[in-house]
Amino acid sequence: MEKRSRHFASDNYSGVCPEAWAALEKANPEHAVSYGDDQWTAKAADLLRETFEMECEVFFVFNGTAANSLSLASTGQSYNSILCHETAHVETDECGAPEFFSNGMKVLLIEGERGKIDPAGIEKMVKKRTDIHYPKPRAVSVTQATELGTVYTPDDLKAIWTKTKQFNLKLHMDGARFANAVASLGCKPKEVTWQVGVDVLCFGGTKAGTAVGDAVVFFNRELAEDFDYRCKQSGQLASKMRYLSAPWVGMLQDGAWIRRAGHANAMAKALHDGLAAIEELKIMWPTQANAVFVEMPPWLVHAMRSAGWKFYTFIGQGGARLMCSWDTTEDDVSEFIADAKRLLVEAPRDIDLSDVDPRKL
Ligand SMILES: *Cc1c(COP(=O)(O)O)cnc(C)c1O
């Protein structure tokens with residue numbers, strides 16, 4: 001197996017982007033008040049309020065699983081349910097944390113094309129059962145950008161909002177890749193959040209370029225009541241909070257978050273174009289953010305991995321998922337494309353893959 005230091009497995013393979021790093025360095029030498037009562041946390045929260053043009057409530061937690069689980073828990077009671085797409089991270093990749101932290105809210109699954117919830121599915125699920133024996137739907141969770149690398153437009157979200165209003169549901173957004181979605185749409189952050197009915201957004205920092213830490217942004221401030229207690233009880237209240245919040249200052253103060261995400265999207269577009277031009281490969285979903293999903297024959301997946309490339313093949317609805325990040329370069333992209341072309345010619349096709357675990361990178 002060849003060794004490589006650059007990969008397309010996840011946008012969380014990348015390091016910390018320079019703007020976030022600089023802010024951390026600036027926050028480091030001084031003493032600061034602990035548990036979030038410091039100037040960096042105040043500044044980061046203010047910058048988020050500026051970014052969204054709204055007096056939202058802001059909390060910083062260690063990761064996206066915590067952000068999603070705790071914010072979903074704040075939407076209802078233990079006897080309620082949460083509706084999400086069948087490929088949603090909250091369903092497939094959080095080890096039951098939303099159910100755990102909400103003391104039992106059940107996650108119910110909705111279908112929809114290209115990773116996006118079909119609004120009619122919300123109505124169907126709500127009306128499926130209305131008796132006391134069924135967990136009462138209370139929230140809808142959408143992922144922006146989706147797990148399949150597609151993006152909800154403002155109109156898509158409005159159609160979902162129509163249903164959440166109709167059935168008195170809260171609207172939660174898993175924005176682990178919110179920056180990529182906004183960069184892709186070229187819209188204002190408010191146009192895909194509170195202006196289309198989003199009550200709470202989990203805004204991903206890690207994949208965007210911080211070391212650690214996601215922001216929970218409540219546009220519906222009633223939901224934020226006692227959220228600080230939820231964070232503390234679940235081990236999500238950082239004592240040295242400035243190390244979670246200062247990088248956000250670096251990312252937000254001069255628009256680095258959107259520039260860096262735009263770069264990741266552009267690299268995904270280049271990777272998409274290069275791979276789409278190869279006849280034997282098939283692109284699975286439109287590349288609207290920083291992911292490219294491509295169908296590759298298993299022997300080619302094996303050959304690419306043997307050439308040192310790491311990428312997942314079990315996310316969403318299968319295929320090779322190739323993620324670009326803020327630090328993906330044009331050289332990374334062209335090397336991957338060149339290797340795919342070369343191995344399509346050179347790699348053995350009749351190898352026995354029965355012992356190869358497809359989930360292993
Ligand atoms: C990465 C990711 C998260 C957060 O995952 P953590 O590993 O808990 O930070 C949440 N939702 C989506 C869609 C993701 O891709």
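Owing to the predicted nature of the structure, the values given are computational and were not obtained by experimental measurement. All ligand and atom numbering here is 1-based and tracks the order in the structure.
The neighbour count for Glu330 CD, taken as heavy atoms of other residues, nucleotides or ligands under 6.0 Å away, does not exceed 12. Heavy atoms from other residues, nucleotides or ligands lying under 6.0 Å from CD of Glu123 number more than 12.
Closer than 4.0 angstrom to ligand 1 sit non-hydrogen atoms from Asn63, Gly64, Thr65, Asn68, His89, Glu94, Thr143, Glu147, Asp174, Ala176, Arg177, Lys207.
A salt bridge links Asp339 with Arg4: at least one charged nitrogen is closer than 4.0 Å to a carboxylate oxygen.
Annotation: the span from Asp46 atom CG to Leu252 atom CG amounts to 11.0 Å, rounded to 0.5 Å.
No donor-acceptor contact under 3.5 angstrom links the side chains of Gln144 and Asp174, judged on distance only.
Ring-plane geometry between Phe8 and Trp309 is classed as tilted, the angle between the planes lying from 30 to 60 degrees on a 0 to 90 degree scale.
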